Every structure is written in C-alpha cells, then in structure tokens.
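Quick notes on the structure that follows.
In this text, all values refer to a predicted model and were calculated from it rather than measured experimentally. In what follows, every chain begins at residue 1, and chains take the letters A, B, ... in the order their sequences are listed. Excluded from the calculations below are hydrogen atoms, water molecules and symmetry mates; all remaining heavy atoms, backbone and side chain alike, are included.
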Amino acid sequence: AQSVTQLDSHVSVSEGTPVLLRCNYSSSYSPSLFWYVQHPNKGLQLLLKYTSAATLVKGINGFEAEFKKSETSFHLTKPSAHMSDAAEYFCAHPFSGGYNKLIFGAGTRLAVHP
Amino acid sequence: EAQVTQNPRYLITVTGKKLTVTCSQNMNHEYMSWYRQDPGLGLRQIYYSMNVEVTDKGDVPEGYKVSRKEKRNFPLILESPSPNQTSLYFCASRGRTGRDGYTFGSGTRLTVV
C-alpha cells in the first residue's frame, strides 16, 4: 500500500541552526513528491515539489529537499532556521501515480527557539 | 490573485443540523477536492471532482455530500452532522496535470456539539 511516513511528529531547533524534517514514502510508481507548510490558522502552502527532474529541489523561504530513490526518502532541509519557520510541515505524494488524490504524512510540527 | 476561498472559516453547530461549507476557485481548474485534517492523521480526502457534474468518493466520504454544478464551486454538505465530524476542512484545486501541486483554501474549522 502506498504511504508517506514523516519520521518526527515534533522537531525543535534554535534560531540560526539547521533544520531537517524527514519523510519516507512507499510507492510502486515513480513518484512526484511535495512538501507543504501550514502556519497557524492558515491553509497549506506549497513549499517545493519533485517531479522526476533534478533530485535536489529548491523551494521557497530557503528550503530544499533531496529525492533519494534508493532510500525512498524526500527529506526537507534548511541551513538556518528563522522564527517565522515555526509551523507544521506535510510531505505528500500522488496516489497511484495520478493526481486525483494526495497521500499525506501525519505532519511534523517545527518549533524554533530564540 | 489565484486562490481557493472557503466559507465560513469557523463554524460551531449542533448534531443533526444540516450545514454547507462553500468553496470557490478563480483559476479555472477542472479538478477540486475536499480534505479533512485531524491531529496525528494528516489530511484525508473526502470527495473529489474531475469536472462539472463529475464527482467521486475519497477515503472518508461517509456523512458527506458534494455537488459540482459550476466549474468554480464545490460545496461540501453535511446533511446530519455528528461530533466525529468535528475537524479542520480544506478545499483544494489543481490544474490539468497536477504536477504543480494543489492550491488549498484557508480551511474551515468545524465543531459539532
């Protein structure tokens, strides 16, 4: 069965330190993968996407993610956390190779401390 | 501005009282969808629509109805809400290929007492 696993439900970092949010997927299809961010009381905003082009993908606000097929991973990173990065982050991929449904991970809540 | 607009943002209702959450998009997208978000479960799809008058069930359709009479609108209907439908609801739309991801609305927080 297809699934998306976000390995940490909560991550806490200090401002200015690196961020790593981990995502593993399970799919028999060559996947597209997405990272979304949800700030408090806001909708989901697309951070970045992988669609079978370059394996290192750059997104908005300094985030990037690397697709590693051998590890079935798509981890999200940022070199230096900012207070405004505090939010919930969701990894997702399309179900069965199509785009009628996105399969989401359970989410990772990122806290950034001064 | 390209956007998906949901209303209301917050709603408290009583068990059994029919309600409708509206969703509208201004991007001329054919595809629209409803998700619910619950703690620890991420987002789960309720219904989706490929085009006007074409709808299909997602993973958790029980207790919900949808309609797609116009391309821009995709309302979610709860005929007889129950407390287990207390959740955060998101409407989303996407372009023809889907490779650019979905655009989500700001969400509707529903509480059923």
Backbone N/O of B:T103 and side chain of A:Q45: donor-acceptor pair under 3.5 Å: no
For the student: nearest non-hydrogen atoms of A:A106 and B:G40, plus distance: CB-O, 3.4 Å
N/O donor-acceptor pair under 3.5 Å between B:Y102 side chain and A:L44 backbone: no
Part of B:L43 within contact of chain A (heavy atom distance under 4.5 Å): both
In one Ile/Leu/Val/Met/Phe/Trp/Tyr side-chain cluster, 4.5 Å: B:I46, B:L88: no
N/O donor-acceptor pair under 3.5 Å between B:Y31 side chain and A:N100 backbone: yes
Where at least one partner belongs to residues 69-78 of chain B, residue pairs that pass side-chain hydrogen bond (donor to acceptor under 3.5 Å, both in side chains), sequence neighbours excluded: B:S24-B:R72, B:S24-B:N73, B:N28-B:K71, B:E70-B:N73
B:L78 with B:Y35, same ILVMFWY side-chain cluster at under 4.5 Å: no
Contacting region of B:Q37 [heavy-atom separation from chain A under 4.5 Å]: side chain
Whether B:R44 side chain and A:F104 backbone form a donor-acceptor pair below 3.5 Å: no
Cluster overlap B:V4 with B:L11, hydrophobic side-chain contacts below 4.5 Å: no
Interchain contact, A:K42 with chain B, by part (heavy-atom threshold 4.5 Å): backbone
Most chain A-contacting option - heavy-atom pairs closer than 4.5 Å, from B:D56, B:D59, B:L41: B:D59
Region of A:Q38 in contact with chain B, defined by heavy-atom distances below 4.5 Å: side chain
A:T51 versus chain B, the contacting section by heavy-atom distance below 4.5 Å: both
Cluster overlap A:L56 with A:L20, hydrophobic side-chain contacts below 4.5 Å: no
ILVMFWY network linking B:Y48 to B:V21, side-chain heavy atoms under 4.5 angstrom: no
Expected output: side-chain A:Y36 to main-chain B:F104 donor-acceptor under 3.5 Å: no
Contact origin within B:R9 toward chain A - heavy atom pairs under 4.5 Å: side chain
Part of B:Y10 within contact of chain A (heavy atom distance under 4.5 Å): side chain
Top contributor to chain B interface from A:N41, A:V4, A:I103, A:L46 [non-hydrogen pairs under 4.5 Å]: A:N41
